[in-house]
Number of protein chains: 2
Amino acid sequence: MTASSTHHHHSASPIWEAHARAALAAQGSRAGGARQLVIAALAGQACCASAQEIHAQIAATGGATGIASVYRTLDLLHGLSLITRIDTGDGVARFEPAHPDGAHHHHLVCDTCGSVEAFHDDALETVIHTVADRVDFRVDAHDVVLRGACRSCR
Amino acid sequence: MTASSTHHHHSASPIWEAHARAALAAQGSRAGGARQLVIAALAGQACCASAQEIHAQIAATGGATGIASVYRTLDLLHGLSLITRIDTGDGVARFEPAHPDGAHHHHLVCDTCGSVEAFHDDALETVIHTVADRVDFRVDAHDVVLRGACRSCR
DNA sequence: TTGTTTGCAAACCTTTTGCACGTTA
DNA sequence: TAACGTGCAAAAGGTTTGCAAACAA
């Protein structure tokens with residue numbers, strides 16, 4: 001049994017939040033207000049979210065942040081490999097926490113309604129590592145996106 | 001022997017070009033000038049290309065086309081599944097001919113120089129189909145992007 | 001002729017950047 | 001205080017759309 005379900009594995013990551021804060025501090029970054037809000041929003045999301053969505057969610061919880069700070073924080077976190085960037089094909093970048101243990105999932109994107117679900121598959125990971133070893137390329141990361149119709153749109 | 005090399009499989013597709021033209025005609029579309037130029041440019045490309053690149057290449061070969069017509073044609077072709085859309089992660093959509101026999105490849109993207117190479121792997125295709133069968137989602141297409149550093153940037 | 005396609009320009013959206021002000025350590 | 005972070009507004013792409021002229025069938 002190599003495959004898990006498509007259910008989300010977590011809807012909030014206090015562990016990741018602490019990890020991210022520590023990594024930033026260790027790197028010499030300061031703990032500004034906008035930065036904290038973005039990290040908290042990322043930690044609280046179930047799957048990937050765009051910069052605009054994170055900005056909106058911060059506003060919805062009473063926070064106030066410039067959109068530029070959201071983009072700058074995402075850029076900073078991504079540069080430190082604290083978040084993963086996902087392109088679901090609609091021209092908008094989405095992000096989600098990158099777990100320190102390397103655990104990650106891939107995405108099912110509905111072409112009709114645009115919803116995104118997560119899935120994980122060990123056999124898929126194994127094959128990708130095999131491919132990564134044989135190509136003349138140093139592979140640091142990989143993305144797999146399955147497109148089609150979700151349960152409700154099907 | 002399940003895996004092929006990372007070399008490009010074709011640098012021009014007259015077969016695809018005829019196929020695309022026939023599909024458009026069968027569907028009632030007219031053969032306008034811009035449309036022909038975009039189809040010819042797609043047929044002649046080795047791997048995926050963005051709308052802007054296709055537009056530039058048409059200009060380079062003496063053609064003249066409005067960028068809007070390039071986007072409209074790409075949209076039309078994509079809607080008929082005559083081309084595949086690839087997102088390499090830089091926020092620009094890229095396209096390449098979709099072969100009628102379903103043959104396709106995936107991409108290696110260099111995070112340093114942005115170059116894109118193609119690769120194919122049968123085991124990867126098999127695993128993806130297995131995953132597609134088990135998830136609660138109708139999977140119509142899939143994309144795999146491996147990121148890292150190409151030979152020259154490594 | 002008649003509906004389709006095209007080109008231009010303007011509009012849209014996401015993302016980036018310059019710069020002055022506010023904040024952290 | 002000295003460097004860093006933030007917000008605003010403007011700029012920079014890429015992509016889409018309205019519309020009148022050009023064109024294919």
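Residue numbers begin at 1 in each chain, while the letters A, B, ... track the order of the sequences. Because the structure is predicted, anything quoted here is derived from the model rather than measured.
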Task: Donor-acceptor pair, side chain of B:Arg151 and main chain of A:Asp136, under 3.5 angstrom - done: no
**Asked** Is there a donor-acceptor pair closer than 3.5 Å between any side-chain N or O of B:Trp16 and the backbone N or O of B:Leu82?
**Response**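 The answer is yes, because a donor-acceptor pair under 3.5 Å joins these two groups.
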Please identify each residue that fulfils side-chain contact (heavy atoms from CB on, under 4.5 Å) with [X], with sequence neighbours left out.
X	result
A:Thr112	A:Cys110, A:Cys153
A:Arg147	A:Val109, A:Asp111, A:Val145, B:Asp87, B:Ala141, B:Asp143
B:Asp101	B:His99, B:Ala103

Mind checking whether [X] and [Y] have side chains closer than 4.5 Å, heavy atoms only?
X	Y	answer
A:Leu146	B:Phe137	no
B:Phe95	B:Leu77	no
A:Ile86	A:His107	yes

Which word best sums up how the rings of B:His142 and B:His106 line up, parallel for under 30°, tilted for 30 to 60°, or perpendicular for over 60°?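 Tilted, since the angle between the ring planes falls between 30° and 60°.
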DNA chain D: first to last nucleotide in contact with chain A (atom under 4.0 angstrom from a heavy atom), 5' to 3', is D:dA3 to D:dC8
inquiry  = Enumerate the salt bridge (charged side-chain N to carboxylate O under 4.0 Å, His left out) contacts for residues 49-64 of chain B, please, sequence neighbours excluded, ordered by first and then second residue.
reply    =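 Only B:Glu53-B:Arg94 qualify under salt bridge (charged side-chain N to carboxylate O under 4.0 Å, His left out).
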Contact class for B:Thr65 (heavy atom, under 4.0 Å): base, sugar-phosphate, or nothing? sugar-phosphate
Q: Return the residues of residues 68-98 of chain B meeting this criterion: a heavy atom under 4.0 Å from some atom of DNA chain C. Order them by number, or give none.
A: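 Close to the strand are B:Ala68, B:Ser69, B:Arg72.
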(request) Return the residues of residues 19-35 of chain B meeting this criterion: a heavy atom under 4.0 Å from some atom of DNA chain D. Order them by number, or give none. (result)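 Residues of residues 19-35 of chain B under 4.0 Å from DNA chain D: B:Arg30, B:Ala31.
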Side chains of residues 62-75 of chain A: which donor-acceptor pairs under 3.5 Å do they make with residues two or more places apart or in other chains?
| residue | atom | partner | partner atom | Å |
| --- | --- | --- | --- | --- |
| A:Tyr71 | OH | A:Gln52 | NE2 | 3.1 |
| A:Thr73 | OG1 | A:Ser69 | O | 2.8 |

Atom pairs and distances, side-chain donor-acceptor, residues 18-44 of chain B, under 3.5 Å, sequence neighbours left out:
| residue | atom | partner | partner atom | Å |
| --- | --- | --- | --- | --- |
| B:Arg21 | NH1 | B:Gln36 | OE1 | 2.0 |
| B:Arg21 | NH2 | B:Glu17 | OE2 | 2.7 |
| B:Gln27 | OE1 | B:Ser29 | OG | 2.7 |
| B:Arg35 | NH1 | B:Arg30 | O | 3.0 |

With five pairs defining each end axis, the helix from C:dT1-D:dA25 to C:dA25-D:dT1 comes out bent, to 10°, by 30°
